[in-house]
Amino acid sequence: MTRVYLDNNATTRADPRVVEKMLPYFADEFGNASSTHLFGAEVSTAVRDARRSVQALIGAAHDHEIVFTSGGTESDNAAILAGLVAVEGRDEIVTSAVEHPAILSLIDYLREKRGVTAHVIGVDESGRLDMDAFRAALGPRTAIVSIMWANNETGTLFPVERLADLAHEAGALFHTDAVQAVGKTPIDLKSTKIDLLSLSAHKLHGPKGVGALYVRKGTKFSPLIRGGHQERTRRGGTENTPGIVGLGMAAEIIRARLDEEAMQIRALRDRLETRILSEIGHCRVSGDLENRLPNTSNVAFFDIEGEAVLTNLNRAGVAASTGSACTAGSNEPSHVLRAMNIPARALQGAVRFSFSRDNTEADVDRVMEVLPGVVAKLREMARAATETQPALT
Ligand code: PLP
């Protein structure tokens with residue numbers, strides 16, 4: 001069966017060049033990057049090169065502003081917790097309702113167990129931040145503002161440069177979860193006031209379990225993971241050298257052709273979207289269509305369940321996602337779409353298609369061989385179920 005993978009916002013396939021680059025660091029180049037002998041020196045040079053590659057991809061001014069971590073979740077946790085203790089007398093957080101659980105569940109914990117005040121800013125129907133509420137939430141007690149660069153479910157891009165300016169005017173630090181943005185949209189941190197930025201290798205064809213936190217030079221930083229003096233005492237623990245080298249290679253590959261790749265991926269995404277809207281109908285695309293990642297399409301099929309669409313697509317070898325949190329067998333609509341207040345008939349029917357450099361036009365054609373029939377069948381079943389329901393007396 002032909003398999004089509006359109007769930008690249010969940011994870012991407014490691015690029016073969018990344019894997020090749022990593023392999024020596026499991027056995028031949030096995031030294032500890034912190035050791036001062038020759039075994040360590042070789043490895044620490046590779047870690048330094050990887051740091052420079054990540055620095056270049058995000059336009060950081062200095063390579064030591066990059067702290068390697070175990071991925072996006074750790075970077076997000078480290079940023080928020082460091083921000084909360086950075087300045088005496090500032091102890092509040094400002095964030096958005098559509099952040100990833102790596103931010104929102106930490107904030108829930110901080111609110112419930114530590115009594116931290118968090119202002120969670122809403123979004124409009126297109127997923128754009130409520131700017132008036134954002135400005136109103138900033139104040140003399142704001143310690144850290146954390147707003148994602150791009151939303152993982154809809155691809156909506158946030159005006160993080162402007163938000164960072166506003167946070168600084170209020171005397172607060174600004175963090176952005178750029179896990180979905182890095183490698184998909186150009187980033188030049190030197191020209192912004194962003195203090196902290198999270199990224200993750202496995203979203204850009206690198207390995208899983210490694211990422212980085214950018215910490216602007218001069219930012220007061222308190223480590224989440226304490227231990228040895230690795231990463232200039234900002235993240236204890238022996239460096240994951242194969243992972244770090246893999247992240248560096250993934251960064252190099254994408255930096256060389258980010259614009260070109262984004263254009264190709266956007267063309268595929270748009271091709272699928274156009275065909276869905278014209279050939280299937282009774283559906284809409286969620287998110288800020290003017291300001292979106294090039295690879296993400298969140299389509300709501302009216303009056304049917306996104307989960308059922310996915311199950312049927314999966315049987316035909318097509319992998320996508322709803323982005324919804326399934327709790328105890330119930331298909332809860334995603335917190336992102338709920339925050340966007342999208343119409344009720346569209347809420348349950350959301351399906352996220354996310355592309356990468358591995359996709360082709362043949363993938364789009366394959367989806368369109370299967371999807372119209374799946375949607376028609378489910379709509380027919382839904383209609384039949386309503387007709388056979390006993391009339392209310
Ligand atoms: N933030 C966003 C926006 C994400 O999409 C993800 C992963 O899905 C994460 C954070 C978590 O990253 P990681 O899987 O590297 O921990």
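The structure displayed is predicted, hence computed values, not measured ones. For ligands, and for the atoms within them, numbers begin at 1 and follow the listed sequence.
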| message | Whether the His175 and Ser198 side chains hold a donor-acceptor pair (N or O, under 3.5 Å, no angle test) is what I'd like checked. | response | yes
| task | For the pair Arg52 and Glu252, find out whether any cationic side-chain nitrogen is under 4.0 Å from an anionic carboxylate oxygen. | result | no
| Protein residues near ligand 1, heavy-atom distance below 4.0 Å? | Gly71, Gly72, Thr73, Asp76, His100, Met148, Asn152, Asp177, Val179, Gln180, Ser200, His202, Lys203
| request: Measure from the side-chain N and O atoms of Arg269 to the backbone N and O of Ser297, and report whether any donor-acceptor pair falls under 3.5 Å. | output: no
| query | Strictly under 6.0 Å, is that where the ring centroids of Phe30 and Phe39 end up? | reply | yes
| query | So, Thr192 versus Glu161: side-chain donor-acceptor pair below 3.5 Å or not? | reply | no
| task | State whether a side-chain donor-acceptor pair under 3.5 Å links Asn8 with Ser356. | result | yes
